[in-house]
Amino acid sequence: MSSSSCCTLLIGLLCVVLLGGSLSHGQLSPTFYDTTCPNVSNIVRGIIEEALLTDARIGGSLIRLHFHDCFVNGCDGSLLLNNSATIESEKEAVPNNNSVRGFGVVDDIKTALETACPTTVSCADILAIAAEESVSLAGGPSWNVSLGRRDSTTANRTAANTSLPGPTLPLQTIITMFSDVGLDTTDLVALSGAHTFGRAQCALFSNRLYNYNGTGNPDPSLNTTYLSTLQGICPQNGDPTVVTNLDLTTPDVFDNKYFSNLQALEGLLNSDQILFSTTENNETVALVNNFTADQTAFFDSFVVSMIKMGNISPLTGTAGEIRLNCGKVNDNSTESDGLLYSSM
């Protein structure tokens, strides 16, 4: 092969790598709104800063919205759509119902952006920007968010019921679900580190406290002191909607304490603790140890994994639409009274 041919091939391969393995991502760019809505990130950040004054957990809630959106038919804002004559909302899927939150803040962001730059910024991009700003505001890393996603005109509740990794699933099942959307084991462990802030309901982990896997006993991989604390917060047959911190050490700071908690057997969710306590996957254990020892390594991997996740099957170009109301497709907007409804 000639040297010029080799050069052409290498350039082509490099482009594929940089685009996340798919040319469909080429239309996403951190500069997408530089001329049409140059203050988009500042506007999103300002709304989140205001929300944090009264809701310390909103950052974790917003990054979870982005995660739950991307894992179902890609990062297309479908999670935000409400029920209608033609839409079965993903919000009522089992992993989301009475669980995902933050829709009101998304509405506030959309209202501000429609005032500043009408019909320009998609709801899918709002979720991506809000995730980055939430992490940054909590002391975590910042990154250039690739933008240019468009909004879906459909939702997929069936996929939301089957595609979202749950807190009680076996580790290998979770690894497979990540692989199904192009994310590897490093991505799994790095993205799980987002549980360094936010809260979780008793319903998501109470099975570990009293009758783990039908044994009649608590989860043996749970620190006994931490177990007693959690049993006090979530008594047997108590209110399943009570929340507690995902990270008992620094609950509102984005840092690597989540991973040292796992080493101390103080991971809240089974899907968290199993990353370290597993006897079947040395790779996840090694990653937990590495991220515990080196916060910079965690931050660097987290940024790479967030960008990869944000590149899952976006709608770009003329596909989809730019919703004027994150809870409704534009075809139905004439039925609206002008209010935003994604918070319903």
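The residues of the chain are indexed from 1 along the displayed sequence.
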Could you tell me whether Arg149 and Asp69 make a salt bridge, using a distance below 4.0 angstrom between a side-chain N and a carboxylate O? no
Shared hydrophobic cluster, Leu137 / Leu127 (ILVMFWY, side-chain heavy atoms < 4.5 Å): yes
How would you list, by chain and number, every residue that makes a side chain to side chain contact (heavy atoms under 4.5 Å, CB included) with Asn289, sequence neighbours excluded? Gln263, Phe276, Val285
Mind running side chain to side chain donor-acceptor pair (under 3.5 Å) on Asn83 and Ser89 for me, showing each step along the way? CA-CA 5 Å; Asn83 285 323; Ser89 177; 4.7 Å; no
What's the verdict on side chain to side chain donor-acceptor pair (under 3.5 Å) for Asp219 and Ser221, showing C-alpha distance, side-chain angles and the deciding distance? CA-CA 5 Å; Asp219 182 350; Ser221 70; 2.8 Å; yes
Classify the side-chain pair Ser146/Asn311 by whether it contains a donor and acceptor separated by less than 3.5 Å. no
Donor-acceptor contact present, side-chain Thr196 to main-chain Asp255, <3.5 Å: yes
Aromatic plane relationship, Phe298 with Phe291 - under 30° parallel, 30 to 60° tilted, over 60° perpendicular: tilted
So, does Asn261 use its side chain to make a donor-acceptor pair with the main chain of Lys257 at under 3.5 Å? yes
Are Glu132 and Ser142 close enough, and set up right, to give a side-chain contact (heavy atoms from CB on, under 4.5 Å), and what steps lead you there? CA-CA 6 Å; Glu132 188 276 337; Ser142 298; 3.3 Å; yes
Would you say Ile322 and Val121 make side-chain contact, with heavy atoms under 4.5 Å? no
Please name the pair of heavy atoms, one in Phe302 and one in Ile63, separated by the smallest distance, quoted to 0.1 Å. CZ-CD1, 3.8 Å
State, with a plain yes or no, whether a side-chain heavy atom of Pro141 is found less than 4.5 Å away from one of Phe254. yes
Judged by atom type as modelled, is there a donor-acceptor pair below 3.5 Å linking the side chain of Asn96 to the main-chain atoms of Glu90? yes
Check whether any side-chain N or O of Asn256 sits under 3.5 Å from a backbone N or O of Thr292 as a donor-acceptor pair, and report yes or no. yes
Where at least one partner belongs to residues 87-201, residue pairs that pass disulfide (SG to SG under 2.5 Å), sequence neighbours excluded: Cys37-Cys117, Cys123-Cys326
I'd like to know if the side chain of Asp247 reaches the main chain of Thr250, judged simply by a donor and an acceptor atom lying under 3.5 Å from each other, with no hydrogens or angles considered. yes
Take Ile109 and Val105, measure what side-chain contact (heavy atoms from CB on, under 4.5 Å) needs, and give me the verdict at the end. CA-CA 6 Å; Ile109 294 170; Val105 175; 4.1 Å; yes
Do Leu81 and Ser152 touch side chain to side chain, with heavy atoms closer than 4.5 Å? yes
Side-chain donor/acceptor of Gln273 to backbone N/O of Leu268, under 3.5 Å: no
Note: Ala112 and Ile43 closest approach over all heavy atoms is CB-CG2, 3.7 Å
Stepwise side-chain contact (heavy atoms from CB on, under 4.5 Å) test for Arg57 and Val243: CA-CA 10 Å; Arg57 62 189 283 216; Val243 299; 3.9 Å; yes
More than 12 non-hydrogen atoms from neighbouring residues, nucleotides or ligands closer than 6.0 Å to CG on Asn282, yes or no? no
Table please: side-chain donor-acceptor pairs of residues 166-179 below 3.5 Å, with sequence neighbours left out.
from   : atom 1 : to     : atom 2 : distance (Å)
Thr176 : OG1    : Gln172 : O      : 3.0

Find the distance between CG (Leu164) and NE2 (His68) and round it off to the nearest 0.5 Å. 5.0 Å
For Phe32 and Gln27, the nearest pair of non-hydrogen atoms, with its separation, is CD1-O, 4.0 Å
Count the heavy atoms belonging to other residues, nucleotides or ligands that lie under 6.0 Å from CG of Asp294, then report whether that count exceeds 12. yes
Let me check something: any side-chain donor-acceptor pairs from residues 225-236 under 3.5 Å, sequence neighbours excluded? List them with distances.
from   : atom 1 : to     : atom 2 : distance (Å)
Ser228 : OG     : Thr224 : O      : 3.3
Thr229 : OG1    : Thr225 : O      : 3.2
Gln231 : NE2    : Leu209 : O      : 2.9

Donor-acceptor pair, Asn325 side chain versus Val329 backbone, under 3.5 Å? no
Heavy-atom pair of closest approach, residues Pro165 and Ser163: CD-O, 3.4 Å
Supply the atom-to-atom distance Asn330 CG to Asp151 CG, rounded to the nearest 0.5 angstrom. 8.0 Å
Exercise: identify the closest heavy-atom pair between Thr154 and Ile87: CA-CD1, 3.8 Å
Check side chain to side chain contact (heavy atoms under 4.5 Å, CB included) between Ser41 and all other residues, then give those that pass, not counting sequence neighbours. Ile129, Glu133
As a quick check of understanding, evaluate side chain to side chain donor-acceptor pair (under 3.5 Å) for Asp76 and Ser78, giving each step before the final call. CA-CA 5 Å; Asp76 61 1; Ser78 60; 2.9 Å; yes
Distance, nearest 0.5 Å, that separates CG of Asn281 from CG of Leu275: 9.0 Å
Please examine the side chains of Cys202 and Thr241, heavy atoms only from C-beta on, and report whether any two atoms are closer than 4.5 Å. no
Heavy-atom distance under 4.5 Å between the side chains of Leu53 and Glu49, does that happen here? no
Show every donor-acceptor pair shorter than 3.5 Å between a side-chain atom in residues 187-195 and any protein atom, with sequence neighbours excluded, or say none if there are none.
from   : atom 1 : to     : atom 2 : distance (Å)
Asp187 : OD1    : Ser305 : OG     : 2.6
Asp187 : OD2    : Asp184 : N      : 2.8
Asp187 : OD2    : Lys308 : NZ     : 2.6
Ser192 : OG     : Leu188 : O      : 2.7
His195 : ND1    : Asp272 : OD1    : 2.9
His195 : ND1    : Asp272 : OD2    : 3.3

Leu246 vs Leu269 side-chain heavy atoms within contact, under 4.5 Å: yes
Atom CG of Asn207 and atom CG of Asn270: how far apart are they, to the nearest 0.5 Å? 6.5 Å
Hydrophobic clustering (ILVMFWY, side-chain heavy atoms < 4.5 Å, transitive) - are Phe71 and Ile307 grouped together? yes
Leu183 side chain near Ile312 side chain, heavy-atom distance below 4.5 Å: yes
If Ile, Leu, Val, Met, Phe, Trp and Tyr residues are connected whenever their side-chain heavy atoms lie under 4.5 Å apart, and connections chain through other members, are Val145 and Phe299 in the same group? yes
Is there a path of hydrophobic side-chain contacts, each under 4.5 Å between heavy atoms of I/L/V/M/F/W/Y residues, joining Val303 to Phe67? yes
Taking all atoms of both residues into account, what is the closest heavy-atom pair of Thr186 and Glu283, and its distance? OG1-OE2, 4.2 Å
Dump the intermediate steps for side-chain contact (heavy atoms from CB on, under 4.5 Å) on Phe259 and Gln295, then the final yes or no. CA-CA 10 Å; Phe259 296 103; Gln295 180 168 276; over 6 Å; no
Can you tell me how far OG1 of Thr120 sits from CG of Leu113, rounded to the nearest 0.5 angstrom? 9.0 Å
Hey, is the main chain of Ala56 close enough, under 3.5 Å, to the side chain of Arg199 for a donor-acceptor pair? no
From Thr284 atom OG1 to Ile274 atom CD1, the distance as rounded to the nearest 0.5 Å: 8.0 Å
Could you check whether any side-chain N or O of Arg150 sits under 3.5 Å from a backbone N or O of Ser122, counting only pairs where one atom can act as donor and the other as acceptor? no
Check: Arg101 side chain, Ser61 main-chain N or O, donor-acceptor pair, under 3.5 Å: no
